[in-house]
Amino acid sequence: MLPELGTFLRFQAQRHLQAALRRPGDIVGPLIFFLMVVTLFPLGLGPDPAVLAALSPGILWVVALLSSLVVSGRLFQSDYEDGTLEQLALSPHPLALSAMVEVFCHWLLSGMSLALVSPVFAGLLNMPTQAMPVLMSSLALGTLCLSLIGAVAASLTVALRRGGVLLSLLSIPLTVPVLIFGTAAVREAALGYDPTSWLALLGALAAGGCVLAPFAIAAGLRISLEA
Amino acid sequence: MLPELGTFLRFQAQRHLQAALRRPGDIVGPLIFFLMVVTLFPLGLGPDPAVLAALSPGILWVVALLSSLVVSGRLFQSDYEDGTLEQLALSPHPLALSAMVEVFCHWLLSGMSLALVSPVFAGLLNMPTQAMPVLMSSLALGTLCLSLIGAVAASLTVALRRGGVLLSLLSIPLTVPVLIFGTAAVREAALGYDPTSWLALLGALAAGGCVLAPFAIAAGLRISLEA
Amino acid sequence: MYFETWSAVWQMDGHGPYVWAAYSLTAFVIFLLIASPWFRARQLTQALRDDAHRRAAKASLTGENHASEA
Amino acid sequence: MPADLLKLESVDLDRGVRRLLSGVSFVVREGDCWQMLGSNGSGKTSLMRAIAGLTRLGLQGDRVCTESVIYQGHLPGLKSLLSCRENLRWHGSGRVTDDFQKIDVALARVGLQGYEETEICQLSAGQQRRVGLARLWLSEAQLWLLDEPFTAIDVDGTAMLEAQIQRHCEAGGAVVFTSHQPTRMAALKMLDLNQYAA
Amino acid sequence: MPADLLKLESVDLDRGVRRLLSGVSFVVREGDCWQMLGSNGSGKTSLMRAIAGLTRLGLQGDRVCTESVIYQGHLPGLKSLLSCRENLRWHGSGRVTDDFQKIDVALARVGLQGYEETEICQLSAGQQRRVGLARLWLSEAQLWLLDEPFTAIDVDGTAMLEAQIQRHCEAGGAVVFTSHQPTRMAALKMLDLNQYAA
Amino acid sequence: MWSIVHKMGSPPWFYRFANRAIAWLLPIVLLALVVGSIWGLLIAPPDYRQGNSYRIIFIHVPAAVVALAGYYVMATAGLMSLVWKIKMADTAMRALAPVGAALTFIALVTGSIWGKPTWGAWWVWDARITSMLILFFLYLGVMALSEAFDNKAAAAKACAVLSLVGTVNIPIIYKSVDWWYSLHQPASIKFTGESAIDTSMLYPLLLMILAFYGLFALSVLLRMRTELLLTYRQSAWLNAEVS
Ligand code: HEM
Ligand SMILES: Nc1ncnc2c1ncn2[C@@H]1O[C@H](COP(=O)(O)OP(=O)(O)OP(=O)(O)O)[C@@H](O)[C@H]1O
Ligand SMILES: Nc1ncnc2c1ncn2[C@@H]1O[C@H](COP(=O)(O)OP(=O)(O)OP(=O)(O)O)[C@@H](O)[C@H]1O
Ligand SMILES: [Mg+2]
Ligand SMILES: [Mg+2]
């Protein structure tokens with residue numbers, strides 16, 4: 001029996017979250033990865049607390065961007081390899097919506113969890129405490145944008161055996177605005193200014209992405225299935 | 001007919017290089033990735049040339065480390081997935097040697113190429129010209145160490161579904177000395193001091209790694225085939 | 001005892017919160033370290049014993065059946 | 001006369017720049033059971049995917065296909081970290097169920113009683129294929145498109161699957177499957193792709 | 001008396017915490033052709049890998065096996081971006097050749113004449129399996145361990161492979177293979193794993 | 001000597017040994033921990049420079065010392081598992097990493113709590129602190145690897161390889177972090193305890209170090225016993241042992 005769209009999407013989400021929660025390591029892992037990469041910076045740049053504090057918004061945001069890209073590059077990989085994607089494409093429910101469910105679940109597990117624990121990393125770099133809430137909210141919004149961008153790139157490259165890396169590089173230029181707005185918000189907050197306008201810009205990016213990305217993702221996945 | 005060890009290893013290397021050259025994207029990709037990540041730093045940390053120049057050794061080395069890890073995580077992946085690894089393990093030639101051939105080919109295509117083009121990236125961050133030769137040689141030696149460490153971690157995680165992050169968790173702590181020696185060499189050179197002792201340390205690490213890593217890699221691959 | 005009053009023990013000249021936080025956190029981790037495998041082992045041995053009882057009961061039951069048949 | 005579930009009319013099929021098949025025409029009606037034959041590389045898989053609607057770029061000609069279709073290709077569409085039962089809650093092409101009893105019955109039918117809670121990655125090749133096939137017991141689609149469904153399945157399993165296919169056709173469904181082995185099914189129609197080779 | 005190529009003596013086989021097989025004893029002599037039977041999940045693949053020496057942790061008991069062995073499992077061991085010819089230069093278990101004529105002959109034998117320069121990823125499922133099997137024509141190993149070699153191979157291909165297996169055994173080699181289909185080979189010995197189930 | 005190793009390698013013997021050792025260790029360790037803490041918290045005099053915040057030393061240093069030693073114990077178990085194929089070494093491998101990680105965690109957290117009153121910052125990139133953080137990462141790596149394998153035997157072997165590689169690396173990491181720190185001309189932050197420590201503080205510290213070693217042994221044995229109960233739940237000897 002063909003279920004309602006709502007039920008179907010709920011099942012999709014459950015399936016995705018269940019598989020992820022089966023291995024808590026998959027959620028904790030990226031966070032520890034982040035922590036490790038953050039420690040690499042003092043090792044590379046030197047231990048001076050003042051320097052680290054001044055650079056911390058930039059460092060945290062660049063690392064968040066990189067780890068988000070690395071992780072979301074594999075977004076549809078397992079679905080493609082185990083045949084789930086074929087089934088989704090043949091389903092009468094819109095592929096755009098089922099793909100978006102995956103992107104959201106992915107973001108909840110990776111971006112949101114990163115945003116939640118980010119104060120710990122900020123503390124390691126001596127970031128001023130008043131900037132922490134802004135760091136968290138900017139990361140939450142920003143990683144959503146990054147997941148959407150990563151998903152578009154992933155949908156196009158999932159079937160490619162050749163030059164897969166090259167195409168996913170296309171996504172880095174797209175992420176530049178996110179990086180600029182995100183760092184600006186945190187830096188303003190650390191200096192005691194009002195970061196609202198930057199956060200609003202990030203929110204606008206996220207909202208626009210949520211509207212437009214589904215179409216791009218669905219088209220990309222259908223093209224990948226043709227290959 | 002069972003070939004001489006030399007012939008066998010030559011074939012291995014040819015096979016690996018041929019397959020890699022069949023998709024040049026995999027060689028150029030990481031370089032462009034590196035370039036883009038380097039350009040992200042001025043965006044995140046602010047465009048002040050003096051600050052960037054002072055931080056450039058650390059930034060370049062951290063980024064080189066990360067991109068090397070990301071790339072070498074897939075080192076034995078395709079061999080495992082298409083069954084080549086089983087054949088290598090059953091071959092009468094030592095698995096340690098055939099694995100080392102792969103690591104060397106991989107390093108030639110990734111680490112060496114990165115070292116060769118690194119002056120371009122250094123220029124972007126206003127690094128003093130006198131440090132460039134040291135940057136290149138430290139990256140050449142250092143990426144060999146990183147490839148070896150990455151290969152050990154890859155050999156242990158190749159059989160694990162979604163070993164992507166796990167791989168970084170295993171290898172990042174081990175790469176700390178490489179990062180420290182590499183940055184130190186470049187920084188000393190940029191400040192006009194003699195970086196030889198740091199380069200010698202990197203060379204010692206690489207030599208030691210070449211002697212010890214093969215055993216660990218072979219053991220790791222055999223364990224992965226058991227899983 | 002070095003301190004004169006219990007409130008001095010809690011205060012420790014202003015360092016009390018730090019010291020006590022460190023000690024209580026350590027106590028908590030040590031508790032987890034000992035208690036979690038302890039209770040898990042209890043649970044497992046209990047399950048094994050239950051299994052053995054069940055098997056024994058079943059065996060004696062079938063044994064009686066055989067006896068009654070004979 | 002039974003209704004048409006699938007209709008191809010003088011269809012040409014390309015793969016990349018190469019033309020694989022030309023002038024394929026066939027009609028699947030309710031109750032039909034078609035075995036697609038053809039030597040390795042003749043284009044069975046490509047045609048199957050085109051029929052299902054997965055590839056549209058290489059297909060020229062008229063294709064009419066019912067909406068009520070289930071496709072099982074070389075890939076089983078199973079999440080290797082979820083258990084058999086969890087996987088079958090979502091049984092392909094947008095169909096889902098929460099009825100664990102039905103799922104367990106389907107698993108028992110394909111000989112996997114006792115494996116309900118086992119993760120897919122801990123199953124043998126044939127057992128994994130069986131979990132995928134259990135979807136046929138859960139599905140309510142009319143047209144089944146099965147690409148090499150007997151791969152890795154043992155003798156008992158083959159008999160069981162053949163019986164299920166016949167039952168489905170007798171109940172008014174239709175099946176198109178590929179297989180290199182001869183089967184023991186009655187009233188089988190053959191579509192030999194070698195004759196359409198371009 | 002022909003020499004022993006493989007000898008298992010009351011071997012037990014575990015997979016994780018589960019015991020799959022217990023007390024397996026069998027001897028493969030020169031000229032023997034063994035078909036390993038067993039229902040899905042009975043442990044054929046696991047035993048094959050243990051015999052070949054790929055898994056040692058789960059095996060208890062005595063295993064003696066010749067060095068001159070070739071193993072072809074579920075995975076073909078082919079690089080999907082290299083052509084058939086390039087792939088076969090390296091034909092498994094440490095054997096290599098640069099003799100393109102020999103490679104082309106082997107490819108022709110498995111029905112892939114004209115595909116010498118085609119990349120593996122552009123072949124159909126059965127064609128890919130055939131490239132893997134072409135190694136049997138190139139190899140000089142005495143003992144062949146083949147896990148489901150007939151998968152995805154069409155009728156002609158099956159006959160051709162059966163003939164090659166028989167030829168190898170008559171020439172003093174030995175073959176152990178698994179298959180769920182009955183074959184038409186003469187002088188076949190059967191090893192039914194269901195009887196060793198633990 | 002070999003006969004002991006042989007006996008230790010036998011799961012039934014080890015299960016019995018673990019039961020007895022736990023029965024002895026548990027009260028002794030708890031008592032030593034309580035006595036040492038009371039001594040350190042209430043009886044010992046304050047440090048003349050840091051005042052009372054120094055009392056954290058009685059858990060911080062023992063945890064750090066034992067965590068460091070723990071890695072070498074793990075590597076030894078790894079060697080025994082790979083070279084001599086001793087079954088109990090496999091079990092030990094999986095039990096050691098979480099315990100070591102927990103002790104490292106204690107050292108890190110107590111250290112950073114101590115840092116707040118002393119340095120005014122929760123975290124400072126001092127050489128020794130950085131090395132400790134890297135040790136924590138090494139432990140986490142072994143834990144994550146052991147979790148990721150389904151096959152327990154393969155998991156133990158993989159962890160053995162990793163911990164041996166780590167052991168070769170640890171001295172290099174420590175040395176390099178030292179050089180890294182001196183390269184950067186450290187700020188004026190220094191540990192105070194470098195001068196000779198007064199005996200009134202030394203004795204409770206020594207007691208706590210011993211207690212933490214005992215705690216390490218105890219929790220490793222507890223975990224190994226649990227592992228044994230899981231692995232051999234089908235076997236006759238364990239059923240006989242339990243009932
Ligand atoms: C997160 C922060 C910290 C970490 C990871 C850490 C780690 C360590 C380690 C590994 C030891 C070494 C034991 C040995 O070498 O045998 C140690 C000893 C010690 N630590 Fe910490 N520590 C931290 C913070 C602090 C702070 C803030 C203080 C006090 C101001 C402190 C005071 C000491 C003292 C007095 C010793 C023992 C004396 C000595 O061996 O030099 N530590 N710590
Ligand atoms: N990774 C694994 N972990 C644990 N158990 C496994 C794993 N893979 C397979 N098994 C179990 O081992 C048993 C034997 O598997 P094996 O693959 O050897 O079977 P097989 O005889 O080759 O079956 P088939 O005919 O389906 O290929 C199965 O019952 C399966 O449940
Ligand atoms: N990715 C591809 N790109 C280009 N050509 C391809 C590709 N995949 C397959 N082909 C070609 O298309 C033809 C048909 O392939 P297809 O997979 O449909 O065959 P098939 O009939 O299913 O064969 P089999 O019995 O081996 O499964 C083959 O000759 C093959 O060479
Ligand atoms: Mg096909
Ligand atoms: Mg099998």
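Sequence lines set the chain letters: A, B, ... in the order given, protein chains first and strands last, and positions in each chain run from 1.
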Donor-acceptor list for residues 64-74 of chain B side chains, cut-off 3.5 Å, not counting sequence neighbours:
residue  : atom : partner  : partner atom : Å
Ser67(B) : OG   : Val63(B) : O            : 3.4
Ser67(B) : OG   : Ala64(B) : O            : 3.4
Ser72(B) : OG   : Ser68(B) : O            : 3.0

>> With rounding to the nearest 0.5 angstrom, report the OG to CG distance, Ser138(A) to Leu201(A).
In response: 12.5 Å
>> Looking only at heavy atoms and a cut-off of under 4.5 Å, which of Gly182(A), Pro57(A), Ala54(A), Gly58(A) has the most pairs with chain B?
In response: Gly58(A)
>> Under 4.5 Å from any heavy atom of chain B, what part of Ile32(A) do you find: side chain, backbone, both or neither?
In response: both
> Between atom NE2 of His106(A) and atom CG of Leu148(A), what is the distance when rounded to the nearest 0.5 Å?
Replying inline: 10.0 Å
>> Under 3.5 Å, is there a donor on one side chain and an acceptor on the other for Thr143(B) and Trp107(B)?
In response: yes
>> Is Leu45(B) close to chain A through its backbone or its side chain, or both, or neither, when contacts mean heavy atoms under 4.5 Å?
In response: both
> By a 4.5 Å heavy-atom criterion (distance strictly below it), what part of Leu40(A) contacts chain B: side chain, backbone, both, or neither?
Replying inline: both
